[in-house]
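Contents: one structure, followed by commentary.
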Amino acid sequence: MILKVARLGHPAVRTAAKPVDKDQIKTHDFQKLLDDMVETMHEYHGVGLAAPQVHLSLQLAVLEVEQNPRYPDAPSVPLTFLINPIVTVLDASKISEWEGCLSIPDMRGAVARYKQVRVTGLGREAEPLDFIATDFHARVIQHETDHLKGEVYLDRMDGMSTLSHLAEWQRFVLSARG
Ligand code: NI
C-alpha cells in the first residue's frame, strides 16, 4: 500500500520520533508497515523514507539506491531497514552535494555532509546492525536519520542561496554537469 507522504509544514515532519519497541518488529502489522514504506519510497523514486514522513513517530527508516532516475549518478545502496539507528561520525570531513526530499517536493539544495559514518541499530528481523557508510551512502543515512530527529536538509544547509526549484536546477545545474 502506498502511504501518504507528509510535506514540510506538517507537524509530523518536525517532531522527534520515538524508539521502536523491539518486541513489535516481528509483528505482522510492523512488517506490513516496512513493506508499505518500501513501496512508497519506490513509487516516488526516493532513495530513502523515514517514518515521520508517513506520519508515524517511530525511529524507523528505509533506504535503497538502485538506478534511481532522481539520482542518475548515485552509486547503488542495497535495501536497508534502519530501526532505532545510532550514527557516529568516523570521518568528519564534509562533502557538499545536492539533496532533495519527498517532504520538500520539487526542490534541491546543496548540503555539506560527513564523509563517513558508522551505523548501529536493528534491522528488519530485529537483528543487530553495525555497518560503515561512505560518501553518498553516508549522505543518505544522515538525511534519513535527521528525519527521525524532526530535522530536514534545509536545516543542514550553510545558507539558502543554493536552494533551487527542481526544474531550474535541472536546467542550470544538471545540464552543466553534462
Ligand atoms: Ni527527506
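Treat the numbers as computed from the prediction; the structure is a model and nothing was measured. In each ligand, atom 1 is the first atom listed, and ligand 1 is the first ligand listed.
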Results of side chain to side chain donor-acceptor pair (under 3.5 Å) for [X] - residues two or more places apart only:
| X | value |
| --- | --- |
| Lys26 | none |
| Thr134 | Gln116 |
| Glu43 | none |

Fill in: Partner of Phe30 under side-chain contact (heavy atoms from CB on, under 4.5 Å), chosen from Asp21, Ile83, Asp23
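Result for side-chain contact (heavy atoms from CB on, under 4.5 Å) with Phe30: Ile83.
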Discussion item. Below 2.8 Å, which protein N, O or S atoms neighbour the Ni ion (ligand 1), ignoring water?
Written reply: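 Within the sphere that stays under 2.8 Å of the Ni ion (ligand 1), the protein atoms of type N, O or S are Cys101 SG, His143 NE2, His147 NE2.
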Item to complete: Measure the spacing between CZ of Arg113 and CD of Glu99 and express it to the nearest 0.5 Å.
Response: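 One gets 4.0 Å once the value is rounded to the nearest 0.5 Å.
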Worksheet item: Should the pair Phe131 and His137 be assigned to parallel (<30°), tilted (30 to 60°) or perpendicular (>60°) ring geometry?
Response: parallel
